[in-house]
Amino acid sequence: MTLHRQGEVLSVSDESSEFRIEQASLRDNGDYHCSGFKNGCCSYFSNTINIKVRELFPRPVLTASLSPSVSGKSVTLTCKTQLPPLRSDVKLWFRFFKDDHVLQSGLESFLKISTLTTRSRNSPYYWCEAQRGSSSVCKQSQKSQLRVQIPVSRPVLTLSPHGASVPEGYTVTLTCKAESGSFPILYQFLREKVVIQKMEPTQSMKSVMSLRAEHSGNYYCTADNGLGAQRSLPVYLTVTVPVSCPVLTLSPHGASVPEGYTVTLTCKAERGSPRILYKFYHENISLGSRSVLSAGGVSLRVTVTVQDSGNYFCTADNGFGPQRSEAKSLSVKVPVSRPILTIRRPRSQAVEGDVVELYCGAWKGSPPILYRFYHEDNALGSSWVYNRGGASFKLPLSAEHSGKYACEADNGLGAWRSETVSLDVKVPASRPVLTVRTPRAQAVEGDVVELRCEAQRGSPPILYRFYHEDNALGSSRVHNREGASFKLPLSAEHSGKYACEADNGLGARRSETVSLNVTVPASRPVLTVRTPRAQAVEGDVVELRCEAQRGSPPILYRFYHEDNALGSSRVHNREGASFKLPLSAEHSGKYACEADNGLGARRSETVSLNVTVPASRPVLTVRTPRAQAVEGDVVELRCEAQRGSPPILYQFYREDVPLRSSSAPSGGGTSFYLSLTTEHSGNYSCEANNGLGAQRSEVVSLSVIVPASHPTLTLRAPGAQAKVGDMVELHCEAQRGSPPILYRFYHEDVPLGNSSAPSGGGASLNLSLTAEHSGNYSCEADNGLGARRSEAVPLSMSGLTGSRSGPIATGVTGGLFSTLGFGVVALLLYCRLPRKAGGRPTSDPSRSPSDSDVREPIYHNAPAWLELQPVYSNVNPKGGEVVYSEVQRIPQGSRPAANPDSVLGLLRTHLPSHGQAASHRPSDPPGSSVIYSQVKVA
């Protein structure tokens with residue numbers, strides 16, 4: 001087991017043990033923990049505890065009630081310390097010591113002692129001790145001296161050498177000393193209450209001074225050791241100053257004076273104790289003397305003549321020996337006369353740049369003479385002349401030198417100025433400056449510009465000339481110092497370099513050239529539309545060319561379509577600008593362009609452009625009045641191209657065979673109406689063509705359904721006459737009609753049965769006759785477009801009322817119709833082929849298919865053929881012709897009874913079914929009808 005404090009080992013033991021701190025002190029403060037080994041292999045550490053030992057009381061401090069003590073007075077010593085509040089019950093034992101001798105011991109913490117008068121410099125040391133009973137807690141204060149001080153006595157000031165008067169420059173020693181007083185003592189020297197020296201504390205003090213005149217006065221000293229300063233008695237010291245070298249001055253000042261002037265000679269010594277004796281001399285000849293008792297010099301007045309010229313000096317003496325001044329020279333001169341100024345120039349007229357000579361001379365005056373030269377009271381220069389000649393001054397002339405000149409002569413006795421002389425300096429015109437003043441930032445054709453020419457220097461009058469590319473424009477003479485102007489209305493030809501000249505007779509000077517660019521406003525541009533073909537077509541790239549015949553570049557060209565900006569181009573030469581535009585249908589319209597070179601945009605006249613759009617692929621629409629096209633219906637074939645410039649020519653086709661063409665002048669589509677027949681079934685298409693290539697529509701199929709016609713009922717018996725028990729075949733057949741056809745058989749309107757013909761043709765019904773089967777028989781044919789009923793056929797049997805002529809006659813009549821049908825067709829072709837009719841519609845849309853068949857046979861009494869009058873014809877796409885004809889019928893009142901052998905009955909049964917219809921017109925007689933027949937010619 002190991003005990004640690006602050007990381008240091010305090011004790012080591014083999015097992016758990018206690019560690020005791022017998023007398024805890026501040027050095028026992030810190031963190032404690034223990035460590036050890038477990039089972040000989042693993043180390044462990046205990047927790048850490050912190051021990052903080054507090055002081056019972058601090059170290060005592062010894063204080064004195066009087067510090068420092070003054071000799072003859074008592075002092076109280078106190079041993080101060082402080083117990084903590086929780087230990088205020090602890091009693092402390094105090095002891096006081098003086099140089100290791102115990103003065104007092106007990107519970108009292110203060111000691112009163114009386115000090116003794118002493119001069120000893122070795123004061124004793126005092127200290128105290130505080131202890132808690134008999135314990136080891138004992139603390140001592142620091143040791144301190146208790147010194148006894150003696151006030152300083154009045155000091156005595158002595159001077160060496162002795163005497164009340166000492167010459168300046170001598171050295172004097174001042175000594176200050178106090179006979180008694182505790183150390184340290186501070187000494188100070190004063191003159192007239194002003195401290196002149198302060199010394200460090202010492203027993204006595206000496207001050208050595210090198211005397212000057214200002215050191216005269218009362219001197220004293222002070223001594224201070226902190227118990228009160230003491231001042232000595234004053235000692236007066238007089239410093240005697242030897243006289244300095246005097247200074248001689250002459251008034252008026254200067255080395256020269258005019259003859260007859262009164263000159264004052266003044267001699268003065270700046271330093272020296274009075275009394276001072278002054279003497280004056282001229283060339284070592286005494287002029288007089290004077291003594292003064294105060295500071296300041298003396299003067300002597302002398303009226304001079306020419307003989308008084310020479311050297312003067314003076315002396316000063318105050319008992320230390322005479323001192324001599326420097327000699328002053330005095331020259332008595334003759335005043336100068338008024339000088340005369342003469343200007344000497346190299347030519348009759350003074351010109352800038354010439355050098356003129358100014359000569360100034362005075363006819364009398366003592367040299368040296370100072371000549372000064374002036375221009376308008378401004379000094380130019382000066383020159384000393386030491387003889388009786390004059391002085392010259394050379395002056396290079398400039399423009400500023402025009403004016404009045406004068407000179408002065410001065411030999412120190414007064415300056416005299418000459419009369420003024422005028423000089424006019426002609427200045428050659430300087431190189432002029434040409435300024436072009438335009439009414440705007442840029443010179444524009446038509447503006448009036450001002451050419452301003454001005455020479456900064458030059459004597460007027462000045463002739464100004466103006467030039468454009470060395471061609472004279474005009475001139476102007478100016479009689480002042482201002483420039484000249486020339487106004488010029490601008491045109492395009494005025495672009496170029498301009499210059500001007502200034503000439504005042506001393507040589508013409510030309511200005512630097514100034515370039516002027518006259519900007520010509522852009523003229524109205526011309527717009528040209530260049531297309532790759534005669535007609536602009538969508539998809540083409542056209543070039544819009546805009547060009548202004550006049551105008552200063554750069555020119556900004558802008559292109560517009562119906563006032564909508566297309567683009568712009570800036571051109572830096574005189575060529576136009578182009579803009580390429582890929583065309584679309586929207587680009588049709590008016591085009592214009594603008595030319596702008598910053599002086600206002602000009603717009604061209606508009607140019608119209610019609611962009612032709614190729615016809616798009618048309619769409620063919622077949623509009624039928626019902627869901628399924630039926631023979632006799634009027635259908636609308638509509639062809640329309642969604643895009644394309646009009647006019648558009650539409651062509652309709654059936655099985656690639658042209659049917660009809662129609663134009664749409666304003667665009668859009670066109671329609672073709674067709675009255676349907678069976679031959680109209682097939683594939684239809686159309687073309688749209690506006691001259692830029694035909695476009696064919698997709699194929700539309702049309703299937704025409706033919707309604708079943710009135711069927712024909714035939715009775716077929718095994719013998720010549722039907723009798724009960726015979727097997728009779730009822731055969732019903734419609735000559736026209738789209739299959740499948742459903743046939744129904746009736747006996748006196750009572751259904752017998754039905755049969756279907758999927759592929760067309762007729763249908764039969766076998767009937768075993770009985771007595772009840774006599775009567776009228778009929779049949780119906782129905783292919784979904786309406787049932788059609790045959791005419792009734794009577795049947796009579798042997799042994800019953802009636803005869804068998806009916807059925808037999810019916811069969812014969814049917815055969816006759818078949819034979820006559822072909823003959824009628826041939827006759828119609830023979831009569832109608834040489835003639836062609838004008839255009840009438842192939843069908844009447846207002847008629848229904850049910851109106852195309854007449855239920856009752858139509859008879860006519862005439863034994864001959866009826867004339868078939870042509871109505872109209874259409875061109876057959878395959879080269880043939882379809883002829884439509886009509887048959888005028890006689891009024892019904894004249895018709896005979898029904899007769900199957902009549903020609904009209906044959907026509908009705910065997911005419912082709914194309915467009916067969918019966919109708920009445922307003923022009924037909926009442927009760928009549930017309931049969932329209934269409935004959936197809938191969």
Asker: Val634 vs Leu674, test: side chain to side chain contact (heavy atoms under 4.5 Å, CB included). Steps then yes/no.
Answerer: CA-CA 5 Å; Val634 177; Leu674 182 64; over 6 Å; no
Asker: Nearest 0.5 angstrom please: Ser604 OG to Glu547 CD, how far?
Answerer: 12.5 Å
Asker: Answer yes or no: is there a donor N or O on one side and an acceptor on the other, between the side chain of Asn754 and the main chain of Phe745, under 3.5 Å?
Answerer: no
Asker: May I ask you to check whether Ser578 and Arg545 show a side-chain donor-acceptor distance below 3.5 Å?
Answerer: yes
Asker: Could you tell me whether a side-chain N or O of Ser790 sits under 3.5 Å from a main-chain N or O of Cys779, the two making a donor and an acceptor?
Answerer: yes
Asker: Say you draw a straight line from CG of Leu785 to OG of Ser738; how long is it, rounded to the nearest 0.5 Å?
Answerer: 7.5 Å
Asker: When you measure from the side chain of Ser588 to the backbone N and O of Asn610, does any donor-acceptor pair fall under 3.5 Å?
Answerer: no
Asker: Under 4.5 Å between any side-chain heavy atoms of Met797 and Val724, yes or no?
Answerer: yes
Asker: To check you understand the geometry: which heavy-atom pair defines the closest contact between Val611 and Ser584, and what is its length?
Answerer: CG1-O, 3.4 Å
Asker: Salt bridge (Lys or Arg N to Asp or Glu O under 4.0 Å) between Asp656 and Arg696: does it pass, once the steps are laid out?
Answerer: CA-CA 11 Å; Asp656 292 332; Arg696 178 74 67 93; 3.2 Å; yes
Asker: Show your working on side chain to side chain contact (heavy atoms under 4.5 Å, CB included) between Leu752 and Tyr746 and close with a plain yes or no.
Answerer: CA-CA 5 Å; Leu752 296 176; Tyr746 296 91; 5.8 Å; no
Asker: Please name the pair of heavy atoms, one in Tyr650 and one in Gly668, separated by the smallest distance, quoted to 0.1 Å.
Answerer: OH-O, 2.6 Å
Asker: Given 3.5 Å as the limit, does a donor-acceptor pair link the side chain of Asn783 with the main chain of Val706, or not?
Answerer: yes
Asker: For a 4.5 angstrom cut-off between non-hydrogen side-chain atoms, does Ser756 reach Ile741?
Answerer: no
Asker: When you compare the side chain of Pro707 with that of Val630, does any pair of heavy atoms fall below 4.5 Å?
Answerer: yes
Asker: Rounded to the nearest 0.5 Å, what separation is found between the CG atom of Asp563 and the NZ atom of Lys590?
Answerer: 10.0 Å
Asker: Do you know which two heavy atoms are closest between Pro618 and Gln695, and how far apart they sit?
Answerer: CD-O, 3.1 Å
Asker: Surrounding CD of Glu605 (heavy atoms of other residues, nucleotides or ligands, distance under 6.0 Å), is the total greater than 12?
Answerer: no
Asker: Would you mind checking if Glu594 and Arg603 are paired as a salt bridge, meaning a charged N to carboxylate O distance below 4.0 Å?
Answerer: yes
Asker: Is it the case that Thr612 and Gln535 place a side-chain donor and acceptor less than 3.5 Å from each other?
Answerer: yes
Asker: Is any side-chain N of the basic residue among Asp782 and Arg789 closer than 4.0 Å to the acidic one's carboxylate O?
Answerer: no
Asker: Could you check if a side-chain atom of Tyr743 sits within less than 4.5 angstrom of a side-chain atom of Glu780, using non-hydrogen atoms only?
Answerer: no
Asker: Is there a side-chain contact between Cys639 and Phe652 in this structure, where contact means two heavy atoms from C-beta onward sitting under 4.5 Å apart?
Answerer: yes
Asker: If you round to the nearest 0.5 Å, how far is OG of Ser778 from CZ of Arg744?
Answerer: 12.0 Å
Asker: Under a 4.5 Å cut-off applied to non-hydrogen side-chain atoms, are His710 and Glu791 in contact?
Answerer: no
Asker: Once rounded to the nearest 0.5 Å, what's the spacing between atom CG of Asp726 and atom CG of Leu767?
Answerer: 10.5 Å
Asker: Less than 4.5 Å apart, side chain to side chain, heavy atoms only: is that true for Glu538 and Arg643?
Answerer: yes
Asker: Should Ser697 and Val619 be marked as a side chain to side chain contact (heavy atoms under 4.5 Å, CB included) after you check the CA-CA gap, both sets of side-chain angles, and the distance that decides it?
Answerer: CA-CA 5 Å; Ser697 70; Val619 176; 5.9 Å; no
Asker: Between Leu556 and Ser568, does a side chain to side chain contact (heavy atoms under 4.5 Å, CB included) hold up when you go through it step by step?
Answerer: CA-CA 7 Å; Leu556 177 63; Ser568 61; 4.0 Å; yes
Asker: Keeping the roles fixed (side chain from Asn689, backbone from Gly691), state whether a donor-acceptor pair exists under 3.5 Å.
Answerer: yes
Asker: Any side-chain donor paired with an acceptor under 3.5 Å for Thr714 and His731?
Answerer: no
Asker: Does Lys580 come within less than 4.0 Å of Glu543, counting only side-chain N to carboxylate O?
Answerer: no
Asker: Might you point out which heavy atoms bring Thr606 and Ala592 nearest each other, and give the distance in Å?
Answerer: CG2-CB, 4.3 Å
Asker: Taking atom types as modelled, is there a side-chain donor on Ser701 or Asn683 under 3.5 Å from an acceptor on the other?
Answerer: yes
Asker: Is the ring pair His561/His587 parallel, tilted or perpendicular, if the boundaries are 30 and 60 degrees?
Answerer: perpendicular
Asker: Could you verify whether a donor N or O on one side chain and an acceptor N or O on the other, from Ser662 and Thr670, lie under 3.5 Å apart?
Answerer: yes
Asker: Looking just at side-chain N and O atoms, do Gln735 and Ser709 make a donor-acceptor pair shorter than 3.5 Å?
Answerer: no
Asker: Give the minimum heavy-atom separation between Val728 and Leu769, together with the two atoms involved.
Answerer: CG2-CD1, 3.0 Å
Asker: For the residue pair Leu637 and Tyr684, establish whether any side-chain heavy-atom pair is separated by less than 4.5 Å.
Answerer: yes
Asker: Might you point out which heavy atoms bring Leu795 and His773 nearest each other, and give the distance in Å?
Answerer: CD2-O, 3.8 Å
Asker: When rounded to the nearest 0.5 angstrom, what is the spacing between CZ in Arg626 and OG1 in Thr624?
Answerer: 8.5 Å
